[in-house]
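Inspection log for the structure reproduced underneath, given as C-alpha cells.
Values reported hereafter were calculated over all heavy atoms of this structure, with side chains retained and with hydrogens, waters and symmetry mates removed. Throughout, a chain's letter reflects where its sequence line sits, starting with A, and its residues are numbered from 1.
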2 protein chains.
Amino acid sequence: MAVTLADVAARARVSAATVSRVLSGNYPVAEATRARVLAAVDELDYVINGPASALAAATSDLVGVLVNDVADPFFGIMASAVQSELGSEKLAVVCNTGGSPERELTYLTLLLRQRAAAVVITGSAVETPEYAAASAAKVGRLAANGTQVVLLGRPASAAPEGSVFAVEFGNREGGRRLTEHLISLGHRRIGYVAGPADRTTTRHRLEGHRAALAAHGLGGDAGELGRLTVHGPYTRKSGYDGALELLDREPGLTAVVGSNDAVALGICAALREKGVDVPGEVSVAGFDDLPFSADATPALTTVRLPLQEAAARAARLALGREESPADGRYMVPAELVTRASTAAPRA
Amino acid sequence: MAVTLADVAARARVSAATVSRVLSGNYPVAEATRARVLAAVDELDYVINGPASALAAATSDLVGVLVNDVADPFFGIMASAVQSELGSEKLAVVCNTGGSPERELTYLTLLLRQRAAAVVITGSAVETPEYAAASAAKVGRLAANGTQVVLLGRPASAAPEGSVFAVEFGNREGGRRLTEHLISLGHRRIGYVAGPADRTTTRHRLEGHRAALAAHGLGGDAGELGRLTVHGPYTRKSGYDGALELLDREPGLTAVVGSNDAVALGICAALREKGVDVPGEVSVAGFDDLPFSADATPALTTVRLPLQEAAARAARLALGREESPADGRYMVPAELVTRASTAAPRA
DNA sequence: CCCGGGGCAGAAAGCGCTTACTATGGGAGA
DNA sequence: TCTCCCATAGTAAGCGCTTTCTGCCCCGGG
C-alpha cells in the first residue's frame with residue numbers, strides 16, 4: 001500500500017541501508033548513488049515513516065511545549081516563538097496545562113511516551129514540596145531518556161540539578177522597578193492585585209514590589225502589606241474584582257499594580273465604572289507588555305519581558321543549537337515601559 | 001535500560017500480548033489478570049513507547065493543528081480549544097504556517113510522516129489553482145493514510161470531495177450585517193481595509209460588505225468600490241496605513257471597516273493621530289471580536305465568531321467523536337456586536 | 001607485482017509494540 | 001458422559017526504519 005524504504009531501495013537498486021543513509025545524511029554515500037536514491041524518492045513520492053524511524057533511532061522529532069493556555073497571548077507568543085525556531089525539522093507539541101500541576105505531570109508523561117527530543121516548560125511553577133518532588137522526578141526521567149528539558153520563565157531551582165536549562169524572567173527586578181517608578185511619581189499608598197499565591201512568578205513580582213516599598217520605608221507592617229494586596233488568577237476579572245476590593249479596603253490609595261496586563265486592564269475597567277479617573281485619581285500599571293497594552297486607554301505603563309527572544313533562546317537550548325552557560329541558567333531582563341496609565345497623584 | 005512491555009509481562013507472569021491488550025483495552029482480559037498487569041505496570045513505572053506502538057498500530061495519537069501564527073489570538077484561541085478538546089489522549093502538534101502555502105504543504109507532509117491521527121487546518125486558503133491542486137493532493141494523501149482532515153474557517157471547496165470535514169465561518173454573512181449596520185446608521189461612504197487579496201476569508205468578508213452596499217444601491221461602479229478598498233495583511237499596521245491611504249483618497253468618508261479587529265485598532269490609531277474623532281467623525285468596525293476589542297477605546301463594534309465552539313467542534317469531528325452532516329460541512333454563524341466605535345455620521 | 005587500507009555499500013539484527021492466528025480449559029447442551 | 005464452543009491467553013509474524021558489522025573494490029606504496 002504505502003511506499004516504504006524498501007520500495008525506494010528497489011527502485012534505486014541499492015539496499016535499504018543506503019537509502020536510510022542518504023535521507024539522514026550522516027554517512028558517506030557516493031554522489032551518483034545519492035542522486036539515484038533521491039530520484040527514486042521523488043518518483044515514488046516517498047514519505048518516511050516517522051514512528052518507525054523514531055523507534056529505530058530511539059528519538060523522535062517532537063518538542064513539547066507546556067503552557068498554561070495558548071490562547072493567552074503571554075503563552076501564545078512564547079509557543080509561537082518556540083515553534084518558529086524549530087523550523088520544519090521538529091514539530092511542536094503544545095499542551096495546555098491550565099496551570100494545573102497534575103496536568104503538567106500528565107503531559108510530561110505523554111511526552112516521555114513519545115520520546116520527545118526536548119520539552120520547554122513555560123510559566124510559573126507551583127511552590128509545594130509534593131509538586132516539586134513529583135516534577136523533579138518526571139524531569140529527571142525525561143533527561144535520562146535523552147529529552148532535553150528547558151524551563152522558560154520558571155526558576156531553575158524548580159528542577160533537579162544539571163541536565164536542565166532555565167531561561168528565567170527578571171520578575172523580581174521588574175516588579176521593583178515598576179513600583180519604584182510609582183514611588184518616584186509620588187505615590188505612597190499602592191495596591192497590588194497579585195496572582196495565585198503559590199506560584200513562583202507571583203511571589204517574585206510581589207517581592208520586587210515590596211522590596212521597592214521597603215527601600216523607601218513604605219512597607220509598613222505585614223498587616224498593612226496584606227491589606228493592600230489581594231490574590232487571584234492572572235485574569236482580567238481578577239483585576240476587576242481585586243480593584244473593587246482594594247478600593248473598599250483602602251479608599252485612599254493612589255495607585256494599583258496588576259500582576260500582569262490583563263489584570264491591569266480589569267483594574268482599569270473597575271475604576272472606570274466607579275468613575276475614578278486613570279491616571280488622574282489612581283494610577284494603574286501592569287506587567288508583560290503584551291501587544292494590547294499599548295492600545296488600551298489609557299495606554300498601560302507596564303514591564304516589558306522580551307518573550308519572543310527568550311522563547312527563541314529556550315528553543316535553541318532545547319535543540320542544542322546554543323551553548324548554555326555553565327550553570328545552565330539565563331536571566332532575561334525586564335524593562336520598565338512608562339505610558340499614560342501612571343502619573344503623579346493629586347496633591 | 002528502559003522498561004519495556006516484555007518486562008511488565010514477565011513481572012505479571014503473562015505474555016506481552018496480554019499486557020498490550022490490558023493497556024489498549026480492546027480485547028477481553030480476565031479481571032484478575034488485568035489487575036496483575038496493572039500492578040506490574042505501576043511497580044515498574046512503565047511508560048509505553050509511543051513510536052513503537054504507532055509503528056505497530058499504524059497510527060499515532062498526534063493531531064496536527066495548522067495556524068497562521070499561534071501568537072495571534074484569533075489562531076491562539078482556536079488552537080487552544082482544539083488542544084483542550086483532545087484531552088490527554090491525543091497530543092496537538094501546532095504548526096505556524098505564517099499564511100504561506102508552501103509552509104502549509106511542508107507541515108502537512110511532516111504530519112503525514114508522523115501518521116497523525118487527524119489534522120485541523122485553520123485560516124483562510126489561498127485562491128490559486130496551483131495551490132488548490134497541491135493542497136488537494138496532500139489532503140487526499142492524508143485521508144488515504146487514515147488521517148482525518150478538518151478545515152476550520154476555510155471553505156470545504158478548498159478540499160477534495162469527501163473524507164474531509166469543514167467548519168466554515170459566516171464571513172460573508174457577518175460582513176454583510178456589519179455594513180448594513182453602518183448603512184442603517186446613515187453612513188454612505190464607507191472605506192474598507194481588506195486582507196490579502198487572494199484569501200478566501202478576505203474575499204468572503206468583502207463580498208458580504210459589497211452585497212450590503214449593493215442592496216442599498218450604494219455600490220457605485222467597480223472604480224468607486226476599488227477606490228474605497230485597500231488590501232493588506234491582517235495586521236494592526238495594515239489598518240494604520242490603510243486608513244491613512246483611504247483618508248487621502250476619499251476625505252469624505254464617514255466610516256471605515258477593518259478586515260479584522262487588529263486592523264480596526266490600527267485604523268483607530270491612525271484616525272486618532274490625525275485628530276479625527278471616533279466615532280464622532282468617522283466610525284470604525286472590526287471583525288472577530290477578539291478579547292481585546294472590548295477594552296479598546298472606543299470599544300470596537302465588530303462581528304463575533306464563536307471561535308472556541310467552532311474549534312472544539314472541529315476537534316470532535318477530527319476525533320470522530322461527533323457525527324458530521326451528510327455533506328461534511330458546518331457553517332458557524334457570525335453575530336454583530338455593536339459597541340462604541342460606530343455611531344451615526346455627523347449631519 | 002603484491003599487500004594494506006580507505007571509501008562505499010550490503011546483510012541482518014534488532015527497536016518495542018500490535019494483532020492475526022492458535023491453543024487451552026472448562027461449562028453447557030445433547 | 002461426550003461434544004462443542006466461548007472466554008482467555010499465548011505464539012509469532014511483522015510494522016518500517018537504523019545501525020553495527022562485514023565485505024568488496026580499487027588505489028597507492030613498497
Please state how far atom [atom1] in [X] lies from atom [atom2] in [N], giving the value in whole angstrom units.
X: B:Asp61; N: C:dT18; atom1: CG; atom2: C1'; value: 14 Å
X: B:Ile48; N: C:dG16; atom1: CD1; atom2: P; value: 12 Å
X: A:Leu5; N: D:dT19; atom1: CG; atom2: P; value: 12 Å
X: A:Asn145; N: C:dC15; atom1: CG; atom2: P; value: 15 Å
X: B:Asn49; N: C:dT18; atom1: CG; atom2: C1'; value: 13 Å
X: A:Glu31; N: C:dC8; atom1: CD; atom2: C1'; value: 13 Å
X: A:Leu55; N: D:dT19; atom1: CG; atom2: P; value: 12 Å
X: A:Leu44; N: D:dG16; atom1: CG; atom2: P; value: 15 Å

### Task
Counting heavy atoms from C-beta on, name the nucleotide in D:dT19, D:dG16, C:dG16 closest to the side chain of A:Ser20.
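Of the candidates, D:dT19 comes closest.
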
### Message
Any donor-acceptor pair under 3.5 Å linking the side-chain atoms of B:Thr147 with those of B:Asn145?
### Response
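No.
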
### Message
We want to know whether A:Gln114 and B:Asp61 form a side-chain donor-acceptor pair, criterion being a heavy-atom distance below 3.5 angstrom.
### Response
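Result is yes, a qualifying pair exists.
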
### Message
One character per nucleotide, please: for nucleotides 7-14 of chain D, 5' to 3', B when the base has a protein heavy atom closer than 4.0 Å, S when only the sugar-phosphate does, - otherwise.
### Response
-BBBB--B

#### Entry: Any residue meeting side chain to side chain donor-acceptor pair (under 3.5 Å) with A:Glu309, in chain and number order, not counting sequence neighbours
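Side chain to side chain donor-acceptor pair (under 3.5 Å) list for A:Glu309, sorted by chain: empty.
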
### Message
Holding to side chain to side chain donor-acceptor pair (under 3.5 Å), I want the full list of residues that pass it with A:Arg115, two or more places apart in sequence or in another chain.
### Response
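Counting only residues at least two positions away or on another chain, A:Arg115 forms no side chain to side chain donor-acceptor pair (under 3.5 Å).
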
### Task
May I ask you to decide whether B:Glu104 forms a salt bridge with B:Arg154, counting only side-chain N to carboxylate O separations under 4.0 Å?
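Salt bridge present between B:Glu104 and B:Arg154.
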
### Under 3.5 Å donor-acceptor, B:Gln83 side chain and A:Asn96 backbone
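Indeed, once roles are kept as given, a pair shorter than 3.5 Å links the two residues.
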
### Task
Select from B:Ala57 and A:Arg34 the residue whose nearest nucleotide in DNA chain C is closer to the 5' end of that strand.
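First, find each residue's nearest nucleotide; the 5'-ward one identifies A:Arg34.
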
